[in-house]
Asker: 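The structure's right below; bear with me while I get my questions together.
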2 protein chains.
Amino acid sequence: MTDSRDHEQRSLYRRVADDLRADIVAGNYGAGASLPSESELAARYDVSRGTVRQAFSALRAEGVIASRRGARRIVLSGPRLQSFTELLSFSRWARAVGEEPAGRVVSLERRDATALEREQLNIADGSRIYHLTRVRMLSGRPVMIERTAYPDRVGALVAGMDPDIESITERLAELGVLFTDAEHIIDAVPASTEDARLLDVRPRVPILRERRRSTDPSGTPVEWSEDRYLGDAVAFTVHNSVAANALSRQPGPGPSTKAR
Amino acid sequence: MTDSRDHEQRSLYRRVADDLRADIVAGNYGAGASLPSESELAARYDVSRGTVRQAFSALRAEGVIASRRGARRIVLSGPRLQSFTELLSFSRWARAVGEEPAGRVVSLERRDATALEREQLNIADGSRIYHLTRVRMLSGRPVMIERTAYPDRVGALVAGMDPDIESITERLAELGVLFTDAEHIIDAVPASTEDARLLDVRPRVPILRERRRSTDPSGTPVEWSEDRYLGDAVAFTVHNSVAANALSRQPGPGPSTKAR
DNA sequence: GAGTGGTCTAGACCACTTG
DNA sequence: AAGTGGTCTAGACCACTCT
């Protein structure tokens with residue numbers, strides 16, 4: 001309570017993992033470099049080997065390192081590290097990559113949920129939701145349209161906020177609404193006429209579309225969003241491996257697929 | 001050699017994880033359902049609690065389950081499961097989703113690596129590579145263009161294959177070239193005139209572009225590919241969480257960004 | 001052959017959820 | 001209050017890499 005140090009008194013394995021991650025980001029271990037052995041780290045931190053393995057396991061889940069039996073663990077790609085929160089919050093992300101985020105609320109309304117929204121938010125027929133449309137800007141240029149549906153309980157909190165607040169996600173976290181898991185569907189679509197107007201481009205230019213469902217620790221959906229990025233404004237990167245595969249590829253609605 | 005059972009004699013925790021995954025896919029545990037406790041599974045399989053936890057850990061890395069302290073683990077999204085191999089091999093993926101894959105080689109050449117290829121494949125100046133361009137089809141309709149650079153050592157194997165072979169990735173695996181990690185960059189671009197010709201669409205239609213670098217267990221790059229999907233033909237889905245975050249968002253080359 | 005990571009065991013204590 | 005997952009320990013044996 002007296003301390004403002006954010007993550008000092010966490011678990012041992014997090015401390016080890018954080019230290020290693022920091023070393024990698026600092027460039028002390030470049031891509032391909034081999035890391036200290038389990039036994040060496042266990043001795044250095046005076047913890048058991050299991051704890052060191054737990055730390056390595058977390059880094060592997062982040063796609064930072066790879067391992068083979070018999071050889072030391074190695075650093076994979078260079079530092080490409082984004083926290084989960086940075087991924088869900090446009091504002092946090094923009095600041096992290098050195099851009100100045102901004103936003104403009106286009107509309108905020110409470111209305112009956114559509115069939116898709118009911119399915120994605122896992123709510124009953126006739127439920128009402130809050131729907132927010134915002135245009136997000138980087139350095140003054142509009143780059144993304146955010147169309148988000150919140151279940152009634154969460155939406156009420158959003159509606160109560162200053163409409164020009166920079167980060168809704170951060171404010172929700174302060175209010176105790178935690179986002180812990182998210183499922184993203186990423187594809188490419190042409191800009192609609194409304195998209196084109198809001199983003200100040202011509203209709204039909206390529207749009208990178210991200211549909212996202214975020215859930216809290218109990219698996220309850222707290223957000224269903226369709227974000228549309230200008231094709232040349234952002235890219236998503238994903239790391240996967242035999243050990244941790246969080247990526248999949250799905251047939252689209254195009255004329256090629258048999259069932260829609 | 002005498003057995004055709006693929007994955008029987010693996011580790012204990014894999015057996016537990018495979019069983020749970022199969023149960024989830026079979027629908028025995030729907031989205032949101034809670035799973036058996038660690039102690040129950042430990043008793044059922046006669047293994048230690050640590051082994052059961054290792055199985056759950058693997059499922060969490062796949063984005064299949066979530067957990068909270070004090071409550072049982074729950075199933076997240078319904079069955080959305082694709083093996084890592086299915087992700088790297090168009091053919092395997094197509095068959096898994098019930099489509100008939102096909103392909104046509106447009107060109108295969110050995111030439112000097114470009115600067116980008118040298119960087120991505122981590123090879124020296126003046127190195128030569130093999131470059132393959134293929135059009136991939138689903139049910140007779142072209143949906144994707146694959147432009148892949150292989151380092152000399154791997155490319156020599158590819159060049160020796162029957163050019164009309166269905167899955168190069170599978171053949172390479174048989175020859176001992178293993179893919180264990182991959183980094184994907186996903187964005188949206190307009191179709192070039194060549195893209196349009198190969199895919200039989202008009203220029204400038206939205207294309208979902210996936211650039212991918214695959215590495216073997218030692219971290220050595222074995223493939224650098226740029227795949228271009230027809231916008232309405234496929235979508236990628238990604239799961240991430242506070243615990244395992246393999247996704248990140250990057251500024252694109254557009255006029256919004258300061259650098260470049 | 002020495003070192004390293006992969007797997008597994010059997011315990012322990014704690015924080016949290018749930019009835 | 002009982003049950004459950006989160007963390008940690010101290011051992012063990014094995015498969016593999018490296019030199």
Side-chain angles (χ1 to χ4, degrees), chain A residues 7-18 20 29 32-61 64-76 176 178 180-181 216-220 241-244, chain B residues 7-18 20 29 32-61 64-76 176 178 180-181 216-220 241-244:
Chain A
H7 37 110
E8 289 289 328
Q9 296 306 14
R10 313 220 293 182
S11 46
L12 292 177
Y13 85 87
R14 272 178 219 275
R15 225 181 99 60
V16 178
D18 290 349
L20 285 168
Y29 300 101
S34 51
L35 294 164
S37 70
E38 295 177 359
S39 48
E40 186 181 332
L41 288 170
R44 184 189 305 174
Y45 285 92
D46 193 27
V47 298
S48 76
R49 190 183 155 216
T51 299
V52 174
R53 286 183 60 80
Q54 210 173 346
F56 276 132
S57 172
L59 295 178
R60 188 187 57 178
V64 176
I65 61 173
S67 63
R68 294 180 292 159
R69 184 154 42 185
R72 290 200 174 181
R73 287 176 177 81
I74 54 172
V75 177
L76 276 181
L178 300 177
T180 56
D181 283 86
D216 72 10
S218 73
T220 305
S241 67
V242 175
Chain B
H7 37 109
E8 289 289 329
Q9 296 304 16
R10 314 221 291 183
S11 47
L12 290 178
Y13 85 88
R14 274 178 217 275
R15 223 181 101 61
V16 177
D18 289 349
L20 285 168
Y29 300 100
S34 52
L35 293 165
S37 71
E38 296 177 357
S39 49
E40 185 181 332
L41 288 170
R44 185 189 304 174
Y45 286 91
D46 192 28
V47 298
S48 76
R49 191 182 154 215
T51 299
V52 173
R53 285 183 61 80
Q54 210 172 348
F56 275 131
S57 172
L59 295 178
R60 187 187 57 179
V64 176
I65 61 174
S67 64
R68 294 179 292 161
R69 186 157 36 189
R72 292 201 174 182
R73 288 178 177 82
I74 55 173
V75 177
L76 277 180
L178 299 177
T180 57
D181 283 85
D216 70 11
S218 73
T220 306
S241 67
V242 176

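To find a chain, count down the sequence lines: A is the first, B the second, and so on, and within it residues start at 1.
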Asker: If you compare all heavy atoms of A/Ala17 against all heavy atoms of A/Ala55, which two are closest, and at what distance to 0.1 Å?
Answerer: N-CB, 3.7 Å
Asker: Which pairs, protein N/O on one side and nucleotides 10-17 of chain C N/O on the other, fall under 3.5 Å?
Answerer:
residue : atom : partner : partner atom : Å
C/dA12  : N6   : B/Arg49 : NH1          : 3.0

Asker: Looking at A/Val75 and A/Leu35, what are the two nearest heavy atoms and their distance?
Answerer: CG2-CD2, 4.0 Å
Asker: Any side-chain N or O of A/Arg14 under 4.0 Å from OP1/OP2 of D/dT7?
Answerer: yes
Asker: In whole angstroms, how far is the P atom of C/dT18 from the CD1 atom of B/Ile74?
Answerer: 10 Å
Asker: Does B/Ser39 place a side-chain N or O at less than 4.0 Å from the phosphate oxygens OP1/OP2 of D/dG3?
Answerer: no
Asker: Counting only side-chain nitrogens and oxygens, does A/Arg72 get under 4.0 Å of the OP1 or OP2 atom of D/dT17?
Answerer: no
Asker: Once you round to the nearest 0.5 Å, how far does CG of B/Asp216 lie from CZ of A/Arg68?
Answerer: 7.5 Å
Asker: In Å and rounded to the nearest 0.5 Å, what is the CD to CZ distance from A/Glu38 to A/Arg72?
Answerer: 10.5 Å
Asker: A/Asp181 and B/Ser241: which non-hydrogen atoms are nearest, and at how many Å?
Answerer: OD2-CB, 3.1 Å
Asker: Report yes if some heavy atom in the side chain of B/Tyr13 is under 4.5 Å from a heavy atom in the side chain of B/Val47; otherwise report no.
Answerer: no
Asker: Look up atom OG in B/Ser57 and atom CD in A/Gln54, then write down how far apart they are to the nearest 0.5 Å.
Answerer: 8.5 Å
Asker: Let me know the distance between CD of A/Glu38 and P of C/dA2, rounded to the nearest Å.
Answerer: 20 Å
Asker: So if I take residues 51-59 of chain A and measure heavy-atom distances to DNA chain C, which residues fall below 4.0 Å?
Answerer: A/Arg53
Asker: Figure out the CG/C1' separation between B/Leu35 and D/dT4, and round it to whole Å.
Answerer: 13 Å
Asker: Indicate yes or no: at least one non-hydrogen side-chain atom of B/Arg60 is less than 4.5 angstrom from one of B/Ile65.
Answerer: yes
Asker: Describe, as an angle rounded to 10 degrees, how the axis at the first end of the helix from C/dG1-D/dC18 to C/dT18-D/dA1 is tilted relative to the axis at the last end, five pairs per end.
Answerer: 10°
Asker: If you compare all heavy atoms of B/Pro217 against all heavy atoms of A/Ala66, which two are closest, and at what distance to 0.1 Å?
Answerer: O-CB, 4.4 Å
Asker: So if I take every side-chain heavy atom of B/Ser67 and compare against D/dT4, D/dG5, C/dC8, which nucleotide ends up nearest?
Answerer: D/dG5
Asker: If we only count heavy atoms from C-beta on, is the A/Arg73 to A/Leu59 side-chain gap below 4.5 Å?
Answerer: no
Asker: Let me know the distance between CZ of A/Arg15 and P of D/dT7, rounded to the nearest Å.
Answerer: 16 Å
Asker: Can you find a heavy atom in the side chain of B/Tyr45 that is under 4.5 Å from one in the side chain of B/Leu12?
Answerer: no
Asker: How many whole angstroms separate atom CG of B/Leu12 from atom P of C/dT7?
Answerer: 10 Å
Asker: Once you round it to whole Å, what is the distance between P of D/dT7 and OH of A/Tyr45?
Answerer: 17 Å
Asker: When the distance from CG of B/Asp46 to C1' of C/dC8 is rounded to whole Å, what number comes out?
Answerer: 12 Å
Asker: Compare every heavy atom of A/Leu76 with every heavy atom of B/Gly219, then report the nearest pair and how far apart it is.
Answerer: CA-CD2, 4.4 Å
Asker: Using only side-chain N and O atoms of A/Arg60, determine if any of them is under 4.0 Å from OP1 or OP2 of C/dG5.
Answerer: no
